Amino acid sequence: MTRAPLVALLLLGACQRTPEATPAPAAIALTSQSITLPPETATLPASAEILTTNCTACHSAEQLLTQPKLDAKTWTTEIGKMRTAYKASIDPKDDPKILAALLTLPNQK
Ligand code: HEC
């Protein structure tokens, strides 16, 4: 029966060790910032509009125009990777058109 006071003490100790409430964050002052992006120097051919629609939200035209020459199978894998790994909202129905456009880029000939 001598354990009851000990248990009570342990419980009291546990209560006292409760972490203090997180202090309210100090007021945050948001300020406007501006950055200057490098100018876009490359343009995709007009026939590659499907790439503008599906790729240039994330990539510059230059990025697409400086890729090494890849075969159709590798480009198909790339399109799938953009969709699965990077969550690009590319409609699978557009894959054949995107592939055709990629294969006709100047750097792919
Ligand atoms: C939602 C954003 C997003 C979209 C849309 C997107 N990509 Fe990507 N892509 C990425 C990210 C992130 C990477 C990895 C980092 C990098 O290389 O820029 C990448 C990498 C690449 C690479 C480099 C090789 C590799 O596998 O990492 C190629 C080539 C590429 N993308 C082509 C494309 C093409 C072609 C399209 C359009 C069909 C496309 N991407 C659409 C996000 C995107």
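In each ligand, atom 1 is the first atom listed, and ligand 1 is the first ligand listed. Just so we're clear, the structure is a prediction, and the values are computed from it rather than from any experiment.
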Let me have the donor-acceptor pairs involving side chains of residues 26-50, under 3.5 Å, with sequence neighbours excluded, atom names and distances please.
unit_1 : atom_1 : unit_2 : atom_2 : d
Thr31  : OG1    : Gln33  : NE2    : 3.0
Glu40  : OE2    : Ala61  : N      : 3.3

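Using modelled atom types, one finds no donor on one side chain facing an acceptor on the other under 3.5 Å when comparing Trp75 with Gln67.
At a heavy-atom cutoff of 4.0 Å, ligand 1 is surrounded by Asn54, Cys55, Cys58, His59, Gln63, Leu64, Gln67, Trp75, Glu78, Lys81, Met82, Tyr86, Ala88, Ile90, Ile98, Leu102.
Applying the side chain to side chain donor-acceptor pair (under 3.5 Å) criterion to Thr56, with sequence neighbours excluded, gives no partner residue. Residues that satisfy the salt bridge (Lys or Arg N to Asp or Glu O under 4.0 Å) test with Lys93, not counting sequence neighbours, are Asp91.
A 4.5 Å side-chain heavy-atom check between Thr74 and Asp71 finds at least one atom pair inside the cut-off.
With values rounded to the nearest 0.5 angstrom, Lys87 atom NZ is found 13.0 Å from Cys58 atom SG.
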